[in-house]
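To keep things clear, I will list the structure first and then write my remarks on it.
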Amino acid sequence: MKTIIEPFRIKMVEPIKMTTREQREEILHRAGYNLFLINAEEIIIDLLTDSGTAAMSHNQWAGIMRGDESYAGARSYHRFFEKVQEITNFKHIIPTHQGRAAERILFELIAGPGKYVPSNTHFDTTRANIEYQAAEAVDLVIPEGKDPQLIHPFKGNIDLTRLENFIRHKGAKNIPACMLTITNNSGGGQPVSMENIRKTKEILARYGIPLFLDACRFAENSYFIKKREPGYENKSCKEIAQEMFSYADGCTMSAKKDALVNIGGFLAMNDDDLAMKARNVLIVTEGFPTYGGLAGRDLEAIAQGLEEVLQEDYLHYRIRTAEYMGEHLDLIGVPYLKPPGGHAIYLDAKAFAPHIPVEQFPGQAIACQLYTEGGIRSCEIGGIMFGRTDPQSGDYFPPAMELVRLAFPRRVYTQSHFDYVLEIIEAVYQKRKALRGFRFTYQAPVLRHFTAKFEVVR
Ligand code: P61
């Protein structure tokens, strides 16, 4: 069949409030041209993030009602534990209120001054948590992963030669862990191959360095392996996920993505001593080890979501949505990061608006115009999120790519919503020469994109 239908029916709806262009111009100006500072009610299609925005199923809502809210050893914890263990086979599974809480606990215990944590590409919260411990977060994605126009099946792979050289150069004792972000969010939602995960583990094992997966989009990564890596076409996505986790010593997980819930996460590992320390930190900062920062009902919803996310009809529809967007962008000639990732389409801002210098954030110019034109909220993943200015020299170091991410909430928008998004992208592209860059009028010292304010460069 040509048409890939949503493999679900809708039995509860949430109205979308429509706005006019004039209203949106005024709203954007009031928000200091920062889309994070606009009220959700003032958005028509919200593609800011796929995190915590999924629609839960009837079985997840039933799980919410079944939630056991006992303080210790709740039934819901056991269901959560068994489901996560079935997929990951990790010995210790520690619930947390979201992904970054798992990161904070892990890096508080293993990172510190003089330590390095390599990765394919760290997401910004992971990088921030490593740097918060005065350690260094190092990105070693393959060169193909930094070229938006280049087609490669596994652009999220880590560069194995650079990884080994890096370990030799810095010394294994200074590297408490290596991370692999699956799929690689900052690199365009691109998958990591099974071969790359296995070989990463082989290298690390020679030096006694543990491998942690940043697993928040593990199911999407599994589906890409099934479709693109020889030898996996007849395996189920669950079997593929199980094999991916078998090469790792632990993982951090934001359940707000591939566990199809609105809040939650976990930290998992095999090391008994590390797990004991992690639980002690958890008790001080998140909650008792059988609920972390969550309610029993949240643990039920995660367990059910993990079951549903590995269903192949769902993953087929999910990945097909991004492909469909890519095919239509190709038809109208809009540059985007190729091939489409799992959870989003990333517009290539440097190619889209080449007249705007990177110091003036071309991605932000496009993101703001998508809002003015059609009420679409997207997210700049470029200089605003990852650019660095040297405090001494004042020199600006832009990231390799300037992207605008249109992230797709899971099971939320329909085919006609996506067709509307394509129409708006086309309208903005036709008027791209009129786009203007931005400069900061306010920025915070860390994770500045959340609260920054801007003005238009005229
Ligand atoms: C996102 F603008 N991602 O993609 P938490 N690892 C990875 C993530 O993608 C991730 C986390 C860890 C978000 C939400 C987000 O500056 C931002 O549950 C690969 O959000 O703590 C989150 O998981 C952290 C968007 C986070 C941002 C930080 O939209």
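No experiment lies behind these values; they were computed from the predicted model shown. Order of listing sets the numbers, starting from 1, for every ligand and every atom in it.
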Please report whether ligand 1 has a polar contact with T181, defined as an N or O pair separated by less than 3.5 Å (distance criterion only).
no
Is it true that R405 lies under 4.0 Å from ligand 1, counting heavy atoms only?
yes
Where is the nearest protein heavy atom to atom 5 (P) of ligand 1: which residue, which atom, and how far?
Q98 NE2, 3.3 Å
Can you sort out which atoms of ligand 1 are near H449, meaning under 4.0 Å from one of its heavy atoms?
2 (F), 16 (O), 17 (C)
Short question: side chain of Q369, backbone of I366 - any donor-acceptor pair under 3.5 Å?
no
Quick check on contacts: which atoms of ligand 1 are under 4.0 angstrom from a heavy atom of F36?
2 (F)
If you have a sec, work out which protein heavy atom is nearest atom 8 (C) of ligand 1 and how many Å separate them, to one decimal?
F123 CD2, 3.3 Å
Do other residues, nucleotides or ligands put more than 12 heavy atoms under 6.0 Å from the CZ atom of R297?
no
For atom 12 (C) of ligand 1, what is the nearest protein heavy atom, given as residue, atom name and distance?
E103 OE2, 3.1 Å
Closest protein heavy atom (residue, atom, distance) for atom 9 (O) of ligand 1
N185 ND2, 2.8 Å
Geometric class of the Y324/H328 ring pair [parallel <30°, tilted 30-60°, perpendicular >60°]
tilted
Below 30° counts as parallel, above 60° as perpendicular, anything between as tilted: where do the rings of Y429 and F352 land?
perpendicular
Note: R100, heavy atoms under 4.0 Å from ligand 1, region reported as both
Run the salt-bridge test on E308 and R410 with the 4.0 Å N-O cut-off and return the result as yes or no.
no
Sub-4.0 Å heavy-atom contact, A407 with ligand 1:
no
Counting from 1 in the order shown, the ligand 1 atoms closer than 4.0 Å to a non-hydrogen atom of S51 are 13 (C), 14 (C)
I'd like to check which ligand 1 atoms, numbered from 1 as shown, lie under 4.0 Å from a non-hydrogen atom of T49.
1 (C), 29 (O)
With a 6.0 Å cut-off on ring centres, are F288 and Y71 close enough?
yes
Check each atom of ligand 1 against the heavy atoms of T125 and keep those under 4.0 Å away; list them by number with element.
11 (C), 12 (C), 24 (C), 28 (C)
min-distance protein heavy atom vs atom 6 (N) of ligand 1 -> D214 OD2, 2.8 Å
Can you name the atoms of ligand 1, numbered from 1 with element, that are less than 4.0 Å from a heavy atom of K256?
18 (O)
Return the residue, atom name and 0.1 Å-rounded distance of the protein heavy atom closest to atom 22 (C) of ligand 1.
K257 NZ, 2.6 Å
Classify the ring geometry of F80 against F266: parallel below 30°, tilted from 30° to 60°, perpendicular beyond 60°.
perpendicular
Atom 18 (O) of ligand 1 has as its nearest protein heavy atom S254 OG, 2.7 Å
In terms of ring plane angle, is the pair Y223 and H316 parallel, tilted or perpendicular, where the classes change at 30° and 60°?
tilted
Does a side-chain N-to-carboxylate-O contact under 4.0 Å join E239 and K226?
no
For the aromatic rings, using the six-membered ring if either is Trp, is the centroid distance between Y346 and Y336 under 6.0 Å?
no
Taking 4.0 angstrom as the limit and counting only heavy atoms of F450, give me the atoms of ligand 1 inside it, by number and element.
2 (F), 16 (O), 17 (C), 27 (C), 28 (C)
For L447 and ligand 1, answer yes if some heavy atom of the residue is under 4.0 Å from a ligand atom, otherwise no.
no
Could you tell me which atoms of ligand 1, counted from 1 in the order shown, lie closer than 4.0 angstrom to a heavy atom of M385?
2 (F)
Parallel, tilted or perpendicular: which describes the rings of F81 and Y77, with under 30° parallel and over 60° perpendicular?
tilted
Taking 4.0 angstrom as the limit, do K201 and D249 come out as a salt bridge?
yes
